[in-house]
**Q** 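The structure that follows is given in the form of structure tokens.
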Amino acid sequence: MEQTLTNIFGMDRRGMEDFFAGLGEKRFRAHQIMKWVYHRHVTDFDEMTDLGKALRAKLKGHAEIVPPKVIFEKPSIDGTHKWLLGMDGANAIEAVFIPDKGRGTLCVSSQVGCGLNCQFCSTATQGFNRNLSVAEIIGQVWVAARHLGNVPHRERKLTNVVMMGMGEPLLNFDNVVTAMSIMRDDLGFGLANKRVTLSTAGLVPMIDRLGEESDVSLAVSLHAPTDELRTELVPLNKKYPIAELMESCVRYVRRKPRSSITFEYTMMKGVNDQPQQARALARLMHAFDNAAQMKDAAKVNLIPFNPFPGTRFERSEELDIRAFQKILLDEGVLTMVRRTRGDDIDAACGQLKGQVVDRTRRQADFKKKLQGEGNPDVAA
Ligand code: SAH
């Protein structure tokens, strides 16, 4: 009978130590392998010269080191780089690297497609197939790090990871938390806790669990200051309305002194970009700071809407975005406007699509709607 091989990318330090113990080997072997894989980007056991020949042969009988397959990659004129990565024979996801002054951020996917159906996000139109495995999540970071010639602790080009690609990371909790532990491990990518950010549409019970089990930065996709509008934009709000969401955020920051939460707010023309909405958002942020008993516990990140074929939304005018930001700043709320990057290669927030073998009806419905509108961008 053929033995199935364990993919080294699927295990964090603890998992690897147990794996080696199970083979009757010393735990420190796990550390040697992690350094070869994550610091030197080696995937062939035979190149691991500090392992004896016998051990290498044994490993080949039990394990493999298989990164995601690069289907294509595309650099943007602004330095952003996008990968389409094959996850299996049929599905592919996208990862995006965004260099900036003094740092480099990788945007990582957690699922093939997404089941949440946020109205302004192109991933939603693709429907959903499945969760990504630990190996498929950490593999995205590995592919980018190898491409960049990243050397942890020395020549560090990849300094930040945001779980803001395709999918809702808190719906794939265990795999995402394990992958994030490899990102932060010295034997992995060695990123500081606060440089790994998980972004959620607001899965309240899972925010609490994340607070108990992990130490990463949290970003919450808010997009509206009232339940009526938020439910329209982010249907998950029906289940976990704003008040409950904010309470879970308070519990999250109170567990960790000096932490803050970034509230993401995608700016859509005439939908959520009006001055009275900025004032309502400021009140919500003040209430949050007060409940957390911490000044600047809340930060706001305004994201100019990125369009995609078939969307009914438009990006807010630059002047309206600035006016909205000014109201928040005048109210004492730390507010940034995220610069749009990589939109020439459809790599900006909310533009990631990949190739999703949809298990829902959403992709077919969306295509039908587009064809009905005579949109030339859609092939059948
Ligand atoms: N599911 C997670 C992570 C993925 S999205 C979440 O909802 O947070 C990363 C961010 O991009 C989210 O804040 C999301 O709401 C935002 N976004 C989605 N579509 C967008 C679009 N078309 N333009 C700008 N931002 C968008």
Side-chain angles (χ1 to χ4, degrees), residues 80 93-96 98 105-128 131-132 137 140 160-173 176 179-180 196-204 206-207 210 216-224 229-237 239-240 242 245 248-249 252 261-269 271-273 281 299-316 321 324 336-343 346-354 356 366:
T80 302
I93 57 92
E94 295 187 321
V96 181
I98 309 143
T105 303
L106 186 72
C107 182
V108 168
S109 295
S110 56
Q111 298 181 313
V112 179
C114 189
L116 288 185
N117 206 17
C118 298
Q119 291 298 295
F120 51 92
C121 181
S122 104
T123 302
T125 67
Q126 294 286 99
F128 175 73
N131 280 335
L132 295 182
I137 298 169
Q140 298 168 54
N160 294 59
V161 169
V162 292
M163 299 298 309
M164 293 186 188
M166 300 167 68
E168 168 51 49
L170 290 185
L171 285 173
N172 185 13
F173 189 90
V176 165
M180 292 192 307
V196 175
T197 301
L198 183 147
S199 177
T200 179
L203 238 94
V204 166
M206 289 300 165
I207 291 176
L210 186 71
V216 294
S217 295
L218 183 64
V220 171
S221 295
L222 192 61
H223 308 305
L229 180 58
R230 189 164 192 270
T231 297
E232 196 184 304
L233 299 173
V234 182
L236 183 68
N237 192 68
K239 200 159 178 193
Y240 304 114
I242 293 175
L245 175 59
S248 72
C249 291
Y252 193 87
I261 289 184
T262 301
F263 292 94
E264 296 159 278
Y265 195 101
T266 297
M267 304 279 306
M268 290 165 265
K269 192 188 214 160
V271 174
N272 63 355
D273 62 354
L281 180 60
K299 296 192 177 108
V300 172
N301 208 331
L302 301 176
I303 313 172
F305 172 70
N306 294 307
F308 53 91
T311 180
R312 64 189 153 104
F313 298 108
E314 284 174 82
R315 179 179 295 179
S316 301
I321 297 176
F324 197 94
M336 306 264 290
V337 178
R338 191 181 293 173
R339 218 156 33 102
T340 296
R341 301 286 304 270
D343 55 346
D346 288 343
C349 305
Q351 290 184 321
L352 302 189
K353 281 181 71 172
V356 180
F366 189 77

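Order of appearance sets the numbers: ligands from 1, and atoms from 1 within every ligand.
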**Q** How far is atom 10 (C) of ligand 1 from its nearest protein heavy atom, and which residue and atom is that?
**A**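 I find the closest protein heavy atom is Glu264 OE2, 3.6 Å.
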
**Q** For ligand 1, which atoms, with element, lie under 4.0 Å from some heavy atom of Phe305?
**A** 21 (C), 22 (N), 23 (N), 24 (C)

**Q** Who pairs with Phe128 by ring-ring contact (aromatic ring centres under 6.0 Å, His included), at least two apart in sequence or on another chain?
**A**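 None.
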
**Q** Just jot down the ligand 1 atoms closer than 4.0 angstrom to any heavy atom of Ala201, in number order.
**A** 6 (C), 7 (O), 8 (O)

**Q** Specify the protein heavy atom at minimum distance from atom 19 (N) of ligand 1: its residue, its atom name, and the distance to 0.1 Å.
**A** Gly350 CA, 3.1 Å

**Q** When you check the side-chain N and O atoms of Glu168 and Ser110, is any donor under 3.5 Å from an acceptor?
**A**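 Checked: Glu168/Ser110 side chains show no N/O donor-acceptor pair below 3.5 Å.
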
**Q** Among all the protein's non-hydrogen atoms, which is closest to atom 11 (O) of ligand 1, and how far away is it?
**A**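 Going by distance alone, atom 11 (O) of ligand 1 is nearest to Cys349 CB, 3.7 Å.
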
**Q** Looking only at protein heavy atoms, identify the closest one to atom 7 (O) of ligand 1 and say how far it is in Å.
**A** Ser221 OG, 3.3 Å

**Q** Going by the angle between their ring planes, with limits at 30° and 60°, are Phe308 and Phe366 parallel, tilted or perpendicular?
**A**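 Rings of Phe308 and Phe366: tilted, as their planes differ by 30° to 60°.
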
**Q** Among all protein heavy atoms, pick out the one at the shortest distance from atom 2 (C) of ligand 1; state its residue, atom name and that distance to 0.1 Å.
**A**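 Going atom by atom, the protein heavy atom closest to atom 2 (C) of ligand 1 ends up being Ser199 O, 3.3 Å.
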
**Q** If only atom types and distance count, is the side chain of Ser109 paired as donor or acceptor with the main-chain N or O of Met166 below 3.5 Å?
**A**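 Confirmed, Ser109 side chain pairs with Met166 backbone.
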
**Q** State, yes or no, whether a side-chain contact exists between Leu116 and Leu171 at a heavy-atom distance under 4.5 Å.
**A**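 Leu116 vs Leu171: side chains touch.
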
**Q** Looking at ligand 1, would His223 count as a contact under a 4.0 Å heavy-atom criterion?
**A** yes

**Q** Counting heavy atoms only, which part of Thr200 comes closer than 4.0 Å to ligand 1: side chain, backbone, both or neither?
**A**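 Backbone only; the side chain of Thr200 stays clear of ligand 1.
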
**Q** Tell me which protein heavy atom sits closest to atom 23 (N) of ligand 1, plus the residue, atom name and distance to 0.1 Å.
**A**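 The answer is Asn306 N, 2.9 Å.
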
**Q** Quick one: closest heavy-atom pair of Cys107 and Gly165, and the distance?
**A** SG-N, 3.4 Å

**Q** Who are the side chain to side chain contact (heavy atoms under 4.5 Å, CB included) partners of Cys121, not counting sequence neighbours?
**A**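 Expected list: Cys118, Thr123.
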
**Q** Minimum heavy-atom separation for Asn272 and Phe324, please, with both atom names.
**A**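 Nearest pair, atom of Asn272 first, then Phe324: O-CE1, 3.4 Å.
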
**Q** Looking only at protein heavy atoms, identify the closest one to atom 5 (S) of ligand 1 and say how far it is in Å.
**A** Met164 O, 3.8 Å

**Q** Grab the two heavy atoms, one from Arg315 and one from Phe305, that are nearest each other, plus how far apart they are.
**A** NE-O, 2.7 Å

**Q** Mark up the atoms of ligand 1 that fall under 4.0 Å of a heavy atom belonging to Ile303, in ascending order.
**A**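 Under 4.0 Å from Ile303, ligand 1 has these atoms: 24 (C), 25 (N).
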
**Q** Fit a plane to each ring of His223 and Tyr265, take the angle between them on a 0 to 90° scale, and name the class: parallel (under 30°), tilted (30 to 60°) or perpendicular (over 60°).
**A**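 The rings of His223 and Tyr265 sit tilted, inter-plane angle from 30° to 60°.
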
**Q** Hey, which atoms in ligand 1 end up nearer than 4.0 Å to a heavy atom of Gly165?
**A** 4 (C)

**Q** Are any of the N/O atoms in Phe120 less than 3.5 Å from those in ligand 1?
**A**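 Between Phe120 and ligand 1 (N or O atoms, distance only) the closest approach is under 3.5 Å.
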
**Q** Just to confirm my output: which protein heavy-atom neighbour is closest to atom 25 (N) of ligand 1, and how far is it?
**A** Thr266 OG1, 3.1 Å

**Q** Within the 4.0 Å heavy-atom shell around Cys121, which atoms of ligand 1 are there?
**A**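 Those qualifying, in numeric order: 18 (C), 19 (N).
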
**Q** Taking the side chain from Asn172 and the backbone from Leu132, do they hold a donor-acceptor pair closer than 3.5 Å?
**A** yes

**Q** Any N or O of Gly167 that comes nearer than 3.5 Å to an N or O of ligand 1?
**A**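 Yes; at least one N/O pair falls below 3.5 Å.
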
